[in-house]
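Side-chain atoms are counted along with the backbone in the values below, which use heavy atoms only and exclude waters and symmetry mates. Counting convention: from 1, in listed order, for ligands and their atoms alike. Quick caveat: nothing in here was measured; it's all calculated off a predicted structure.
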Amino acid sequence: MSPSRITHLIGHSSWEGTAERTSEVFNPATGEVTGTLDLASRALVDEVVAKADEAAKVWGRTSIAKRTRVLFAFRQLLDERKGEIAKTIVAEHGKTYPDAVGEINRGLEVVEFACGIGQILKGGYNENVSTNVDAYSILQPLGVVGVISPFNFPAMVPLWFVPVAIAAGNAVVIKPSEKDPSAVNLIADLWREAGLPDGVMNVVHGDKEAVDALLENPTVKSISFVGSTPIAQYVYETGTKNGKRVQALGGAKNHMLVLPDADLDLAADAAVNAGYGAAGERCMAISVLLAVDTIADELVAKIKERTATLTTGEGNGEGVDMGPLVTGAHRDKVKGYIDAGESEGATLVIDGREGEWQGGSKDGFFLLPTLFDDVKPEMSIYTDEIFGPVLSVVRVHSFDEGLQLINDNPFGNGVTIFTNDGGAARRFQTEVQVGMVGINVPIPTPMSYHSFGGWKNSLFGDTHAHGMEGVHFFTKTKAVTQRWLDPSHGGLNLGFPQND
Ligand code: NAD
């Protein structure tokens, strides 16, 4: 089958031009090229931003009642069509079908949060701050906002930002990852079906050229970025230099500390689920397991036993736990880390470079789960974000040594502790220098009404995604002080007040 063309969505319409540059989209399970993606030029991005700006002027003044109706309709459509979107994610990203549905369900929760926009956009009000003077705050939209998303959650990460931005009255220009671009096109189409006016939701596909165009266009008022740390830092610095509000979420190296009093079966299940789920291509994946040495042998044995039962294969396959990596280049990079861990002296307990997978083809980008023990903090498998199915066990003597390692790490996205000691857990929660903390929970991803974001090199900017921090990011506060000297106005109208 020849590759299908994937192009930009400018408001409600597919772009009809001819791209000067394109890139290939693969099916990671077979290695086949399935799509040809149009890459936007700077001029095209500027054109789309200008259209979004026109739409933002109208959408930002549209009543909360009407905006809420669009959000409820979108929520319904997303729920109904999530199977179709999940299939597209499996075909371009490679993760398993249930995992793809899971990410859309987490995105759906942000839509549900945004459906309450009338409640969450309420400003504060003080009557009579001075004699006959009232003071209040109103939250207004920014205008055009830019979103730049990574490959690993092609639906959920866009849905962290877009529903809140649109609910708050902004127009969006989103640039999805060029590796798995189709899910966002399907989602944009649902916004159209939900009744969102033309130009409020726009998708430009592309690479650095499109990103730079968004970062430099003065009409784009904010950038929400998620991706690797070096690009997050670049986006933050360039965006803020150009006067924009920027939230740039970066990479991660998440640790799980297991104390001797923990339930080791629970901890082993959690380490395997959070280490190998989505082939380790999650920003909240557990990459390092810190085992206090009195229980380390037993814990490693339990993890080894469970890992041996996992099935790697094509994401739609029956009983498949883990799919391929996103590209051949990424699979080779992760393989390179396994080579390095071995030559640097870590104990290779399970070697993911060997073994069979189910379905797909021999040219698929597969790598099986890998488990290292006796990993030392100076090894590259410890220092670097691998973003693959590689779990490293570091043995520590104590809670304090484990906590110190976590706090010395330059990343601060997620962390978890497994223990039955409430005092230890409480001290951990207080002293750990990480943005999202789990206690006997493997992947502590906050709910939509809390906010998602890490600390240190995992976030540039100070505002996390969704929840009230998301609302704050996508609005400007205006403080109004009013005095009315003549209160006499009115007229009779016995009709029941309503929106239309
Ligand atoms: P990436 O940094 O390669 O790409 C992210 C986005 O930036 C893409 O849209 C890409 O097109 C664009 N981009 C890439 N290179 C660029 C450049 N030189 N200039 C401008 N833009 C560029 O990240 P990825 O490989 O797509 O995603 C994986 C990374 O994302 C991992 O590091 C992971 O930890 C991180 N991530 C973090 C979170 C979080 O919440 N902190 C969530 C998901 C993923």
Check your understanding: Which residue pairs pass the ring pair (Phe, Tyr, Trp, His ring centres under 6.0 Å) test when at least one of the two sits in residues 208-236, sequence neighbours left out?
Key -> none
Check your understanding: Which option out of Phe151, Phe153, Tyr234 puts a heavy atom nearest to atom 24 (P) of ligand 1?
Key -> Phe151
Review point. What protein heavy atom is closest to atom 28 (C) of ligand 1, reported as residue, atom name and distance in Å?
Key: Phe387 CE2, 3.6 Å
Exercise for review: Any ring pair (Phe, Tyr, Trp, His ring centres under 6.0 Å) involving residues 20-55? Give me the pairs, sequence neighbours left out, ordered by first then second residue.
Suggested key: Phe26-Phe365
Practice item. Consider only side-chain N and O atoms of Tyr276 and Asp321, and report whether a donor and an acceptor are under 3.5 Å apart. Key: no
Review point. For ligand 1, which atoms, with element, lie under 4.0 Å from some heavy atom of Cys283?
Key: 34 (O), 36 (N), 37 (C), 38 (C), 39 (C), 40 (O), 42 (C), 43 (C), 44 (C)
Practice item. Would you mind checking which non-hydrogen protein atom is closest to atom 27 (O) of ligand 1, with the distance to 0.1 Å? Key: Pro150 CB, 3.3 Å
Review point. Counting heavy atoms only, which part of Glu385 comes closer than 4.0 Å to ligand 1: side chain, backbone, both or neither?
Key: side chain
Check your understanding: Which of the atoms of ligand 1 are close to Asn152, meaning less than 4.0 Å from one of its heavy atoms?
Key -> 43 (C), 44 (C)
Point to revise | Atoms of ligand 1, numbered as shown, that sit under 4.0 Å from any heavy atom of Phe452 | key: 40 (O)
Check your understanding: Tell me: protein heavy atom nearest atom 7 (O) of ligand 1, and distance?
Key -> Phe225 CE1, 3.3 Å
Point to revise | Minimum side-chain heavy-atom gap Val200-Ile166 below 4.5 Å | key: yes
Review point. Quick one: does Lys175 get an N or O within less than 3.5 Å of an N or O on ligand 1?
Key: yes
Exercise for review: May I ask you to decide if Asp384's main-chain N or O and Lys253's side chain share a donor-acceptor pair within less than 3.5 Å?
Suggested key: yes
Review point. For ligand 1, which atoms sit closer than 4.0 Å to a heavy atom of Val226?
Key: 5 (C), 36 (N), 37 (C), 38 (C), 39 (C), 42 (C), 43 (C), 44 (C)
Check your understanding: Heavy-atom contacts under 4.0 Å between Ile231 and ligand 1: side chain, backbone, both, or neither?
Key -> side chain
**Study point:** Pair His466 and Phe113, ring centroids less than 6.0 Å apart
**Key:** no
Check your understanding: Heavy-atom contacts under 4.0 Å between Glu178 and ligand 1: side chain, backbone, both, or neither?
Key -> side chain
Practice item. Could you tell me whether the side chain of Ser458 and the main chain of Asn413 form a donor-acceptor pair under 3.5 Å? Key: yes
Check your understanding: Do any nitrogen or oxygen atoms of Val211 lie less than 3.5 angstrom from nitrogen or oxygen atoms of ligand 1?
Key -> no
Review point. What atoms of ligand 1 come closer than 4.0 angstrom to any heavy atom of Lys208?
Key: 18 (N), 19 (N), 20 (C)
Point to revise | Ser149 neighbourhood, listing ligand 1 atoms whose heavy-atom distance to it stays under 4.0 Å | key: 6 (C), 8 (C), 9 (O)
Check your understanding: With atoms numbered from 1 as shown, which atoms in ligand 1 lie under 4.0 angstrom from a non-hydrogen atom of Asn413?
Key -> 41 (N)
**Study point:** Minimum non-hydrogen distance to atom 39 (C) of ligand 1, winning option of Ala285, Gly250, Pro154
**Key:** Gly250
**Study point:** Check: His12 side chain, Leu196 main-chain N or O, donor-acceptor pair, under 3.5 Å
**Key:** yes
Review point. Is the Phe366 ring parallel, tilted or perpendicular to the Trp357 ring (thresholds 30°, 60°)?
Key: parallel
Review point. With Arg21, which of Asp38, Leu37, Asp207 fulfils side chain to side chain contact (heavy atoms under 4.5 Å, CB included)?
Key: Asp207
Check your understanding: Applying a 4.0 Å heavy-atom criterion (strictly less than), which segment of Trp160 is in contact with ligand 1: side chain, backbone, both, or neither?
Key -> side chain
Point to revise | Numbered atoms of ligand 1 (with element) below 4.0 Å of Ser228, judged on heavy atoms | key: 1 (P), 2 (O), 23 (O), 29 (C), 30 (O), 32 (O)
Review point. Do Ser224 and Gln247 get their side chains close enough for a donor-acceptor pair, meaning under 3.5 Å?
Key: yes
